[in-house]
Amino acid sequence: MDEFSFIRSIKPEYYRQSSLIKGIDDDAAVFRPSGHDIVTAVDTMVEGVHFTRQTMAPEQIGYRVLAANISDLAAMGSTPAFFMVSITIPSDWSQEELERIYEGMKRLGDSYQMDLIGGDTVSGSELSISVTVIGMVHKGKARYRSTAKTGDVLFVTGTLGDSRAGLEWLLNPKGQASEDHTYLVQRHQSPVPRVAFASNLSHLERLTLNDVSDGIANEANEIAKASEVDLWIDSKALPFSEAIQKVFPGQYVDWGLSGGEDFELLGSVPEKDWSQVIEAAEQAGVTASKIGYVKTKEGPEPVVKVNKSGEWEILTSSGYTHLKEKGD
């Protein structure tokens, strides 16, 4: 396989985005948006670090690395438009397997009308895929972590911990897989970015969003620090699927807080807008759960607190530490 024949094999037959002037076939792509701000993100997955052939088929690898990037765009309130792929190819991956990776990306990209407009291919010792996504948002409407304010409702979409649970089953299967196991594995291999949900809230004057890629323990702390506020989370309000509660009854709460890779959205809105969040979620076919509130920063540094069994604990980016106080 040579680089040029491979590029020809993955080149789109046509493009969807009207703002695109030049796609694949030159030194760089050219597009000309009108009336929008440009949002871009990049993510990399490396074999042996982020995936193995034991946990994912080639098309699932492609789907998932693009999904992770699209989720970042959703957190910015952006509509996906283009993506570029740089791939390092080891000798033990066949052209058929590589084309299946791109088929996985194409399947997901097609559902958002995204165009593949470029990238790079090189040889190396391990498979590595870097995807750059480009999205568009109406001028001044990008969503940031730094806009949460005291009194806001803190919410999260979907359910938490499922991806971590699915990975656990893939790495350590025990017995016959049930429908619950299959559901959790699907949540790990084929996450659904919450683009529609975020888009449905584009009319709100103020909306804070963060992509749940590293677990809400990390994402909540990012919002708290960026907005200079404290976040208070009620662990009993965290949303969990029936599947994770049945299959992993002893781990699901911790995985919900720190498991990561669910690619849900954690956010805050003024309480007066909470009903609109519920409506936007229903329209997008996803749930939105109120899990706490934004409060004024009490100490020198912003913190996230979680209520477990009547005691408030500091939730750090890597987990939580006991805080010797009770009540609110």
Side-chain angles (χ1 to χ4, degrees), residues 67 70-80 111-112 135 137-138 140-163 183 186-187 191-213 215-217 219-220 222-224 226-227 229-245 252-253 256-257 259 261-295 304-307 315 328:
I70 294 175
S71 185
D72 285 329
L73 293 182
M76 302 299 292
S78 171
T79 300
S111 66
Y112 294 101
V137 63
H138 290 294
K141 278 293 187 176
R143 306 303 188 178
Y144 305 115
R145 301 169 182 165
S146 57
T147 58
K149 294 185 178 181
T150 298
D152 280 3
V153 169
L154 189 67
F155 68 87
V156 70
T157 62
T159 54
L160 301 172
D162 293 333
S163 178
Y183 170 81
Q186 183 180 27
R187 286 275 285 157
V192 179
R194 303 307 184 187
V195 173
F197 168 79
S199 178
N200 290 343
L201 292 173
S202 62
H203 63 283
L204 291 185
E205 181 179 347
R206 185 170 59 82
L207 169 67
T208 303
L209 291 176
N210 204 9
D211 158 60
V212 183
S213 55
I216 64 167
E219 321 309 345
E222 287 179 344
I223 290 175
S227 297
V229 294
D230 288 349
L231 302 186
W232 292 59
I233 297 173
D234 182 359
S235 64
K236 294 181 180 178
L238 296 176
F240 298 104
S241 66
E242 291 185 10
I244 195 174
Q245 294 180 68
Y252 72 87
V253 174
L257 291 169
E261 298 188 325
D262 288 310
F263 300 115
E264 298 293 348
L265 293 177
L266 176 69
S268 78
V269 290
E271 189 147 23
K272 67 179 179 63
D273 293 331
W274 172 238
S275 62
Q276 297 185 64
V277 174
I278 295 295
E279 183 179 353
E282 291 176 350
Q283 291 174 352
V286 65
T287 58
S289 302
K290 182 190 299 185
I291 63 170
Y293 287 92
V294 179
K295 297 195 176 185
V304 178
K305 295 182 181 181
V306 60
N307 186 349
L315 183 67
D328 189 317

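One-based numbering along the sequence shown.
No more than 12 heavy atoms of other residues, nucleotides or ligands sit less than 6.0 Å from atom NZ of Lys149.
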Would you tabulate the side-chain donor-acceptor contacts of residues 72-79 under 3.5 Å, counting partners in other chains and residues two or more places apart, or write 'none'?
from, atom 1, to, atom 2, distance (Å)
Ser78, OG, Met136, N, 3.0
Ser78, OG, Met136, O, 3.3

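In this structure, Trp274 and Phe155 have tilted ring planes: the angle between them lies in the 30° to 60° band.
For the pairing with Glu264, the side-chain hydrogen bond (donor to acceptor under 3.5 Å, both in side chains) check across Thr159, Asn210, Thr157, Thr287 returns one residue only, Thr157.
Sequence neighbours left out, the pairs with a member in residues 152-162 that pass salt bridge (charged side-chain N to carboxylate O under 4.0 Å, His left out) are Asp152-Arg206, Asp162-Arg187.
Under a 3.5 Å cut-off, the side chain of Thr208 and the backbone N or O of Ala148 do form a donor-acceptor pair. Ser235 places no side-chain N or O within donor-acceptor distance of the main-chain N or O of Val306, the cut-off being under 3.5 Å.
For the 3.5 Å distance criterion, the side chains of Ser146 and Ser227 fail to qualify, holding no donor opposite an acceptor. Ser71 and Asp211 are linked by a side-chain donor-acceptor pair at a separation below 3.5 angstrom, with hydrogens and angles left out of the test.
With a 4.5 Å cut-off on side-chain heavy atoms, Lys305 and Lys295 do not count as touching. Looking at heavy atoms from C-beta onward, Leu207 lies out of side-chain contact with Thr147 at the 4.5 angstrom threshold. At a threshold of 4.5 Å between non-hydrogen side-chain atoms, the residues Pro191 and Asp262 do not count as touching. The side-chain heavy atoms of Lys141 and His203, taken from C-beta on, include no pair separated by under 4.5 Å. In this structure the side chain of Phe197 reaches within 4.5 angstrom of the side chain of Leu265, judged on heavy atoms.
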(request) Would you please test Leu238 and Leu257 for side-chain contact (heavy atoms from CB on, under 4.5 Å) and show each step? (result) CA-CA 9 Å; Leu238 296 176; Leu257 291 169; 3.7 Å; yes

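Qualifying ring pair (Phe, Tyr, Trp, His ring centres under 6.0 Å) partners for Tyr252, counting only residues two or more places apart in sequence or in other chains: Phe240.
Taken from CG in Asp273 to CG in Leu201, the straight-line distance is 9.0 Å, to the nearest 0.5 Å. Rounding to the nearest 0.5 Å gives a distance of 9.5 Å between CG of Leu160 and OG of Ser241.
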